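The block underneath contains the structure these notes are about, expressed in structure tokens.
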Protein chains: 2
Amino acid sequence: MLSFYICLRKIPPMTEPRINPNVSVDCVIFSFEDDGLEVLLIERNAGQNRIEDDLLALPGNLIYEDETLDAAANRVLRELTGLKNIYLEQVYTFGDPARINKQKDQDWLHSIRAHPEARVITVAYTSLVKKSNFKISPSSFARQAMWVKVKEVPQLAFDHNALLEKALEYLKHKIYIEPLGYELLPERFTLAQLQKLYEAILDDHFDKRNFRRKVLRTSFIIPLNEKQKGVAHKPAGLYRFDKSKFHKI
Amino acid sequence: MLSFYICLRKIPPMTEPRINPNVSVDCVIFSFEDDGLEVLLIERNAGQNRIEDDLLALPGNLIYEDETLDAAANRVLRELTGLKNIYLEQVYTFGDPARINKQKDQDWLHSIRAHPEARVITVAYTSLVKKSNFKISPSSFARQAMWVKVKEVPQLAFDHNALLEKALEYLKHKIYIEPLGYELLPERFTLAQLQKLYEAILDDHFDKRNFRRKVLRTSFIIPLNEKQKGVAHKPAGLYRFDKSKFHKI
DNA sequence: CAAACTTAGTGTATTTTGTACACAAACTAA
DNA sequence: TTAGTTTGTGTACAAAATACACTAAGTTTG
């Protein structure tokens, strides 16, 4: 019993972390499927008084007073979707005073926030993940979390369509600077998959031969001595990334 | 008298704008002189109780509740340095809870802020200007504003050295995407000046002939039929930018 | 089991861009 | 007149971008 008591004393007091009412983070999580990019959205849940026909939103929430922005983004993503240990990068900060003024957004904020009228600026984060590596398990005020094709995203809550646009633009720039494949493709992938990924992100089309030549000139995309199996056509060779062979410009 | 009265009624009541205690903006303003980049810094002024040996800082302050972040950055820059109508771009947001905890920063905050202990996240903005186009006239809590060579910047207040680094990195990326010359060079400039600008921003050196060839391949750097005058060597030809001939990638 | 279907994989010619490199010309100051 | 300083130029080679069409290797179907 004594040791149990001592153990209890070592547990820090369960004070609620203090919330900063003015700053939130939102996460724009992309995944790639063969027919394009998808983004992770949540369906808001207003506790008891469920609001029908509410808008989808990016996972996001207010930050705690004692956590960094990066930590907040990770926590919020985990709380709302169950996704853990995802490397997030900051994209842009949105701070229009009117960004939370739409009626539906106000209704929702009133149903879940202590200070629903407070000015909120939000810091957008983004990441690329392999859908299959993560199990979505919504909690907190997300009734559901789901992948939606980027080309089919409807009107979202707040200014979240603008956040999505900015994150896409960020991706496009970034893919020029470093290869983004290892985040999004399976460990072993075909060059056709890689090409489709580039075409999806850059919203463009490339010549197959030139693309292959360019890719194979790099030292970090490495052919394996394996082929696809069970496809109804000539099987493609498989490749992998060697992250260690890539060096930033 | 009547019309005067009516006129008075139309003037909005002089309420102080409400300040948001949790969000600030900071401006990283660069200028280019022949021997490198300079950045605009202020010397803080703690009202009566002047703190000796205080650190230099980037111009920045808390935002008002009813203004956008962009507007706040413009206002703050104007209030602190007199610089007006500068096109600012958002760079990055810094939100470490400990970023304002240095003793000197705390002392200063206590001397000027209503809530000196409040968590403050800051949104960094940057711009490139021609020094000669603007007259610096510090006011508010800036005792002085001054241009400091980027290579000679000392330790700054808060996390402002990190903000400066990030803004420099932003510049380097940006100069690959669009020519930054028109912001920083005189209307008519020599190719040597342009080359020095690129070398300053990218912190690199280029071959003169190759640089000239590359520049002249563009359609937006246009030779004038004029030469430098009064220089103690062969006078260089002058060029100008034609912004309309440049199209983003 | 042959034919049809689907995707993989390959080479060449041309143009454009990058890179390395050295010396004469134009002006001023002494 | 000379010394000093910066401008302005050309060539040869290597690397990268671009345009373009057919055969090969599997599976499915009839």
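Sequence lines set the chain letters: A, B, ... in the order given, protein chains first and strands last, and positions in each chain run from 1. What you see is a predicted model, and the numbers here were worked out from it, not measured in a lab.
Lys227(B) places no side-chain N or O within 3.5 Å of a backbone atom of Gly237(B) that could act as its donor or acceptor partner.
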N/O contacts under 3.5 Å, protein versus nucleotides 24-30 of chain C?
| from | atom 1 | to | atom 2 | distance (Å) |
| --- | --- | --- | --- | --- |
| dA26(C) | N3 | Lys234(B) | N | 3.2 |

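Nearest heavy-atom pair, Leu80(A) versus Ala145(A), reported as atom, atom and distance to 0.1 Å: O-CB, 4.4 Å.
Under the 6.0 Å cut-off for aromatic ring centres, Phe241(B) and Phe189(B) qualify, their centroids lying closer than that.
Residue side chain Arg213(B) reaches the base of dT11(D) through a donor-acceptor N/O pair under 3.5 Å, judged by distance alone.
Distance CZ (Phe189(B)) to P (dT6(D)): 20 Å, rounded to an integer number of Å. Per the geometry, CZ belonging to Phe211(A) stands 17 Å off C1' belonging to dA19(D), to the nearest Å. Between Phe206(A) atom CZ and dT18(D) atom P the separation is 9 Å, expressed in whole Å. In this structure, the CZ atom of Arg212(A) is 15 Å from the P atom of dT7(C), given to the nearest Å. The separation between Leu216(A) atom CG and dG9(C) atom P is 10 Å, rounded to whole Å. Rounding to whole angstrom units, CD of residue Glu226(A) and P of dG9(C) are separated by 13 Å. Note: CD (Gln228(B)) to C1' (dT6(D)) measures 9 Å, nearest angstrom. Atom-to-atom, NE2 of His205(A) to P of dC20(D) comes out at 12 Å; the value is rounded to the nearest Å.
Comparing Lys214(A) and Leu238(B) by the nucleotide of DNA chain D that holds the closest heavy atom to each, the one mapping nearer the 5' end is Leu238(B). Where Thr190(B) and Asn210(B) meet DNA chain D, the nucleotide closest to each residue was compared, and Thr190(B) sits on the side nearer the 5' end.
The shortest distance between the side-chain N/O atoms of Arg209(B) and the OP1/OP2 oxygens of dA20(C) is not below 4.0 Å.
The environment of His233(A) atom NE2 is dense: over 12 non-hydrogen atoms of other residues, nucleotides or ligands sit within 6.0 angstrom. For Lys214(A), the NZ atom sits in a loose shell: 12 or fewer heavy atoms of surrounding residues, nucleotides or ligands are nearer than 6.0 Å.
Lys208(B) comes within 4.0 angstrom of a base, heavy atoms only. When heavy atoms are screened at a 4.0 angstrom cut-off, Arg217(B) is found touching the sugar-phosphate backbone but no base atom.
Taking a cutoff of 4.0 Å between a charged side-chain nitrogen and a carboxylate oxygen, Asp105(B) and Arg44(B) qualify as a salt bridge.
Note: Tyr92(A) and Phe94(A) have perpendicular aromatic rings, judged against thresholds of 30 and 60 degrees for the angle between ring planes.
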